[in-house]
K.L.:
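Here you go, one structure.
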There are 2 protein chains.
Amino acid sequence: MLKIGELAGQAKVSRDTLRFYEKHGLITPDHRSEAGYRLYSDSDIKRVGFILSAKEVGFTLSEIHQLLELEVTKDQKSCEDVKQFVDAKITVVNQRLAEISRIKKSLQTLSNACCGGDEPATHCTILEALGDQTSQD
Amino acid sequence: MLKIGELAGQAKVSRDTLRFYEKHGLITPDHRSEAGYRLYSDSDIKRVGFILSAKEVGFTLSEIHQLLELEVTKDQKSCEDVKQFVDAKITVVNQRLAEISRIKKSLQTLSNACCGGDEPATHCTILEALGDQTSQD
DNA sequence: ATGAACCTTGGAGTATAGTCTAGTGTCAAG
DNA sequence: CTTGACACTAGACTATACTCCAAGGTTCAT
C-alpha cells in the first residue's frame with residue numbers, strides 16, 4: 001500500500017495531480033487509512049503510467065477515463081459496444097501513428113539536410129522537408 | 001490568394017483559429033487587401049495542415065512555432081543549433097511512436113478478447129490488455 | 001442602393017488540465 | 001512532547017488553446 005506521496009514519486013506526477021485525477025474518476029485509492037490518508041495498491045502505478053502514456057499521445061482525460069472504464073464482460077450486448085468503441089479508438093490511433101511518422105520523417109530530412117549532411121541544402125524548413133518525403137526513413 | 005474564410009474552409013479550422021494562430025506567430029497572411037482583408041497563399045493550406053498534424057500528435061503551439069521557425073541556413077553555427085533541436089524532437093517523436101504502438105496493441109488485444117474472438121475472456125480491461133502484449137499485432 | 005455574407009479589431013468567455021494556498025490534522029524521530 | 005515531513009479539504013489561480021461577441025467596414029448580387 002502506497003501513500004499518495006509514494007505513488008506520486010514512483011509515477012512522477014504531483015500529489016495534486018493524483019487528487020485531480022481522482023476527482024475526475026481516473027484513479028481511486030484502494031482504501032483510506034484511519035486518518036483518512038489515501039492508500040494505493042501497487043497496480044495503481046501501472047494505472048497512472050497508462051494515463052500518462054495515453055495523455056502524451058493525445059487522448060484527453062475524459063477519453064482515458066472511458067478507456068479505463070471499459071470492461072469486456074461476458075454479456076454479448078455490452079461486448080459489442082465495447083468492441084465498437086475500441087475499434088473507433090484504434091482508427092484514431094492509426095491516424096496518429098501515420099501523422100507522427102510523417103513528422104518524424106520530415107524532422108529526419110531536416111536533420112540530414114545540412115551540417116555536412118549528404119542532402120543538398122534545399123530542405124531548409126520543416127515545410128519543405130514535409131513536402132519531399134522520398135528516401136529517408 | 002485566399003481570404004480567411006476560404007483558407008479556413010479548406011484547412012477545416014475556424015476563422016477565429018486562424019487569427020489566433022496569427023496572433024501567436026504560427027501563420028501570417030502573405031499580405032492584406034486594400035480593405036485590410038487577410039490574403040493567404042496556397043501554400044498556407046499546407047502550413048495549417050502541418051500545424052494540425054503536429055498538434056494532434058502532442059506538440060504544443062509553441063513547439064510548433066519553433067518547428068516552423070527552423071531554417072537551416074548555410075551558416076554552420078545556426079545549423080548545429082537547428083540539428084540539435086531537431087534531433088531532440090526526433091527523440092520525443094520516437095518515444096511517442098513507441099507509446100502509441102503500445103496503446104494500439106492493447107486496444108487490439110481488447111478488441112479481440114471477447115465477442116466470439118479467439119482470445120479467452122481474460123483480457124477484459126485496457127490495463128490487463130496492456131500488461132500482456134504477446135501475439136497480437 | 002440595400003441586404004446578405006463576408007471581413008476587421010478588441011476583448012470577454014470557455015474547456016481542459018493542472019497548480020498553488022490556506023488552514024488543519026497525522027505521524028515518526030529526537 | 002514538539003518539530004518536520006507528510007496528509008487532508010476547499011477553493012483560488014494559471015496556462016493553453018480556442019471560441020464567441022460587439023461594433024463596425026467591404027463586397028457583391030439583385
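Each chain gets a letter, A, B and so on, in the order the sequences are listed, and its residues count up from 1. Reckoned from all heavy atoms, side chains included, excluding hydrogens, waters and symmetry mates.
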K.L.:
What closest approach, in Å, do B:Leu67 and A:Ile126 show between heavy atoms, and which atom pair accounts for it?
P.N.:
O-CG2, 3.3 Å
K.L.:
For the side chain of A:Tyr37, counting heavy atoms from C-beta on, which of C:dT8, C:dT19, C:dT26 is nearest?
P.N.:
C:dT26
K.L.:
Is the NZ or CZ atom of A:Arg96 both under 6.0 Å from the centre of the six-membered ring of A:Phe59 and within 45° of that ring's axis?
P.N.:
yes
K.L.:
Give the rounded distance in Å between these two atoms: CZ of A:Arg38 and P of C:dT26.
P.N.:
15 Å
K.L.:
How close do A:Ser111 and B:Val86 get, counting heavy atoms only, and between which atoms?
P.N.:
CB-CG1, 3.9 Å
K.L.:
Let me know the distance between CD of B:Glu6 and P of C:dC6, rounded to the nearest Å.
P.N.:
10 Å
K.L.:
Between B:Arg47 and B:Leu26, is there a donor-acceptor pair closer than 3.5 Å when you use the side chain of the first and the backbone of the second?
P.N.:
yes
K.L.:
Between A:Leu18 (CG) and C:dT19 (P), how many Å, whole number?
P.N.:
11 Å
K.L.:
Closer than 3.5 angstrom, by distance alone: can the side chain of A:Glu63 be matched with the main-chain N or O of A:Thr60 as a donor-acceptor pair?
P.N.:
yes
K.L.:
Counting only heavy atoms and a strict 4.0 angstrom limit, can you tell me which residues of residues 53-68 of chain A come near DNA chain D?
P.N.:
none
K.L.:
When rounded to the nearest 0.5 angstrom, what distance separates CD in B:Gln95 from CD1 in B:Ile90?
P.N.:
12.5 Å
K.L.:
So, is B:Thr17 near the phosphate of D:dT19, with a side-chain N or O under 4.0 Å from OP1 or OP2?
P.N.:
yes
K.L.:
So, for B:Ser14 and B:Ala8, which heavy atoms are closest and what is the spacing to 0.1 Å?
P.N.:
C-CB, 4.0 Å
K.L.:
Can you tell me the distance, in whole Å, between the CG atom of A:Leu52 and the P atom of C:dA17?
P.N.:
13 Å
K.L.:
Once you round it to whole Å, what is the distance between P of C:dC20 and CZ of A:Arg19?
P.N.:
13 Å
K.L.:
Donor-acceptor check, side chain of B:His65 to backbone of B:Gly25, threshold 3.5 angstrom: yes or no?
P.N.:
yes
K.L.:
Do we see a donor-acceptor contact under 3.5 Å between the side chains of A:Glu99 and B:Ser53?
P.N.:
yes
K.L.:
With nearest nucleotide decided by heavy atoms, which residue, B:Ile51 or A:Lys3, maps closer to the 5′ end of DNA chain D?
P.N.:
A:Lys3
K.L.:
What is the separation between atom CG on B:Asp16 and atom C1' on C:dG10, rounded to the nearest whole Å?
P.N.:
12 Å
K.L.:
Take the protein atom CD1 of B:Ile4 and the nucleotide atom P of C:dT9, then report the distance between them rounded to whole Å.
P.N.:
9 Å
K.L.:
In whole Å, what is the span from the OH atom of A:Tyr40 to the C1' atom of D:dC6?
P.N.:
14 Å
K.L.:
Can you sort out which residues in residues 20-36 of chain A have a heavy atom within less than 4.0 Å of DNA chain D? Ascending by number, please.
P.N.:
A:Arg32, A:Gly36
